[in-house]
Asker: 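Before I ask anything, let me first share the structure, which is written out below as structure tokens.
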There are 2 protein chains.
Amino acid sequence: MPIKRRKSKVVSPPEECPLTVCMRLLGGAWTPNVIWYLRSEPRRFSELMSDIPGVSPKVFTARLKKLEADGILSRRVEPTSPPTVEYSLTDLGHELVPAIEAIVNVGCKLKRRRG
Amino acid sequence: MPIKRRKSKVVSPPEECPLTVCMRLLGGAWTPNVIWYLRSEPRRFSELMSDIPGVSPKVFTARLKKLEADGILSRRVEPTSPPTVEYSLTDLGHELVPAIEAIVNVGCKLKRRRG
DNA sequence: CTGTATCCTTGGCGATACTG
DNA sequence: CAGTATCGCCAAGGATACAG
């Protein structure tokens with residue numbers, strides 16, 4: 001039996017198209033919703049959690065961390081007790097809003113048409 | 001040791017927001033690219049494959065099948081030999097184009113800004 | 001309130017070879 | 001040309017309990 005050769009993932013897509021670049025940013029689960037609910041004003045962790053039902057805290061934390069790392073949102077801690085944490089869109093985050101809006105528009109159309 | 005109770009997945013998200021509805025349509029890998037390259041004219045299987053480098057035929061076929069099932073594109077077979085198959089956007093598919101364009105626009109901005 | 005810590009599952013994606 | 005057939009994988013996502 002021959003040795004199972006471990007596949008080598010593609011190392012570097014020499015150039016990445018804008019579409020792919022952007023989709024990577026808003027690809028993860030819950031990402032578009034987070035941006036959507038932050039589009040007009042900052043919100044706190046628990047507010048976002050109830051804005052977006054069905055997500056577990058672990059997953060949600062991970063998502064927010066990733067978005068922060070991507071420079072899409074920023075996290076501000078109020079040193080109160082109990083602590084309050086406020087998330088808001090960065091400039092980059094705001095640039096994504098039109099795309100989200102376009103998606104929402106189509107979604108509305110679909111819902112209207114299909115119920 | 002207590003019996004491991006099998007988790008019960010959420011049965012029915014009582015209502016799905018437009019954002020989620022739409023994101024499910026264009027969520028899969030390569031989906032936005034397919035729509036993008038079909039936006040102005042029909043294209044054939046192999047044309048799309050070379051438009052979108054790096055995708056394997058199996059995955060690509062599955063993707064196209066799913067998009068057809070979703071009513072986003074339609075498939076037309078020319079009974080020639082060798083066969084030629086043409087994919088084109090449906091009306092629903094065309095409705096998605098503005099969203100894709102918005103995403104592409106952001107992606108372009110990002111690329112310009114960051115290289 | 002805002003998260004970590006554990007543990008688990010799955011299906012989406014990929015490589016490669018082959019076919020009508 | 002336009003796909004199937006196999007095989008494989010692992011990371012993203014989730015449930016639940018606990019912590020500062």
Side-chain angles (χ1 to χ4, degrees), chain A residues 1-11 13 20 23-34 42-70 73-88, chain B residues 1-11 13 20 23-34 42-70 73-88:
Chain A
M1 187 189 221
I3 297 177
K4 275 267 171 68
R5 187 166 290 281
R6 190 154 284 279
K7 70 187 172 187
S8 61
K9 276 232 167 183
V10 172
V11 186
T20 307
M23 280 306 287
R24 198 201 321 288
L25 291 184
L26 27 98
W30 315 111
T31 296
N33 300 74
V34 171
R43 289 183 82 64
R44 298 171 50 188
F45 186 83
S46 55
E47 291 177 323
L48 286 171
M49 282 278 285
S50 24
D51 288 339
I52 305 171
V55 59
S56 76
K58 179 209 143 182
V59 169
F60 203 55
T61 303
R63 181 58 41 196
L64 292 173
K65 275 209 167 94
K66 199 238 174 196
L67 292 177
E68 193 187 0
D70 285 345
L73 52 80
S74 61
R75 180 176 177 273
R76 214 195 80 223
V77 182
E78 285 290 324
T80 59
S81 170
T84 72
V85 182
E86 215 178 54
Y87 292 91
S88 54
Chain B
M1 186 192 217
I3 297 177
K4 275 268 173 66
R5 188 165 290 281
R6 190 151 283 279
K7 70 189 170 184
S8 62
K9 275 232 167 182
V10 172
V11 185
T20 307
M23 280 306 287
R24 198 201 321 287
L25 290 185
L26 28 99
W30 316 111
T31 296
N33 301 74
V34 171
R43 288 182 84 64
R44 297 171 50 187
F45 185 84
S46 56
E47 290 176 323
L48 286 171
M49 282 278 286
S50 24
D51 289 338
I52 306 172
V55 59
S56 75
K58 177 206 143 181
V59 168
F60 204 55
T61 303
R63 182 56 43 196
L64 293 174
K65 275 208 167 95
K66 199 239 175 197
L67 292 177
E68 192 188 0
D70 284 346
L73 52 80
S74 62
R75 178 173 178 275
R76 213 196 80 224
V77 183
E78 285 290 324
T80 58
S81 170
T84 72
V85 180
E86 215 179 55
Y87 292 91
S88 55

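Throughout, protein chains are lettered first and strands after them, A, B, ... in sequence-line order, and every chain is numbered starting at 1. Everything numeric here is computed off the predicted structure, so don't read it as measured data.
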Asker: Report the distance from atom CG of D70(A) to atom CG of L25(A), rounding to the nearest 0.5 Å.
Answerer: 5.5 Å
Asker: My understanding is that only one of R43(B), R44(B), R76(B) makes a side chain to side chain donor-acceptor pair (under 3.5 Å) with E86(B); could you say which?
Answerer: R76(B)
Asker: If I take atom CG from residue L48(A) and atom OH from residue Y87(A), how far apart are they, to the nearest 0.5 angstrom?
Answerer: 8.5 Å
Asker: Heavy atoms, side chains only, cut-off 4.5 Å: are M49(A) and I52(A) in contact?
Answerer: no
Asker: Mind calculating the distance between CG (L67(A)) and P (dG13(D)) to the nearest angstrom?
Answerer: 11 Å
Asker: Between N or O atoms, less than 3.5 Å apart, protein on one side and nucleotides 18-20 of chain C on the other: list the pairs.
Answerer:
none

Asker: Whole angstrom is fine here: how far is it from CE in M49(A) over to P in dT2(C)?
Answerer: 10 Å
Asker: What residues from residues 23-33 of chain A pass a heavy-atom cutoff of under 4.0 Å to DNA chain C?
Answerer: none
Asker: At less than 4.0 Å, is any side-chain N or O atom of R63(A) found next to OP1 or OP2 of dG13(D)? Yes or no.
Answerer: yes
Asker: Test of understanding: with salt bridge (Lys or Arg N to Asp or Glu O under 4.0 Å), list the residues that count as partners of R75(B), not counting sequence neighbours.
Answerer: none
Asker: Within the structure, does a side-chain N or O atom of R44(A) lie under 4.0 Å from either OP1 or OP2 of dC1(C)?
Answerer: no
Asker: Within the 4.5 Å heavy-atom criterion, are L64(A) and F45(A) side-chain neighbours or not?
Answerer: yes
Asker: What nitrogen or oxygen pairs link the protein and nucleotides 3-5 of chain C at under 3.5 Å?
Answerer:
{"residue": "dG3(C)", "atom": "OP1", "partner": "R75(A)", "partner atom": "NE", "Å": "3.3"}
{"residue": "dG3(C)", "atom": "OP1", "partner": "R75(A)", "partner atom": "NH2", "Å": "2.3"}
{"residue": "dG3(C)", "atom": "OP2", "partner": "Y87(A)", "partner atom": "OH", "Å": "2.9"}
{"residue": "dT4(C)", "atom": "OP1", "partner": "K65(A)", "partner atom": "NZ", "Å": "2.5"}
{"residue": "dT4(C)", "atom": "OP2", "partner": "K65(A)", "partner atom": "NZ", "Å": "3.4"}

Asker: What is the distance from CD1 of I52(B) to C1' of dG14(C), rounded to the nearest Å?
Answerer: 16 Å
Asker: With a 3.5 Å distance limit and no angle check, can you tell me whether R63(A) reaches the backbone of A29(A) through a side-chain donor-acceptor pair?
Answerer: yes
Asker: Heavy atoms, side chains only, cut-off 4.5 Å: are N33(B) and D51(B) in contact?
Answerer: no
Asker: Not counting sequence neighbours, which residues clear salt bridge (Lys or Arg N to Asp or Glu O under 4.0 Å) with E68(A)? List them please.
Answerer: none
Asker: Between F60(B) (CZ) and dG12(C) (C1'), how many Å, whole number?
Answerer: 16 Å
Asker: In degrees, rounded to 10°, what is the bend between the two ends of the helix from dC1(C)-dG20(D) to dG20(C)-dC1(D), using five pairs at each?
Answerer: 60°
Asker: Without decimals, in angstroms, what is the distance between R43(A) CZ and dT2(C) C1'?
Answerer: 16 Å
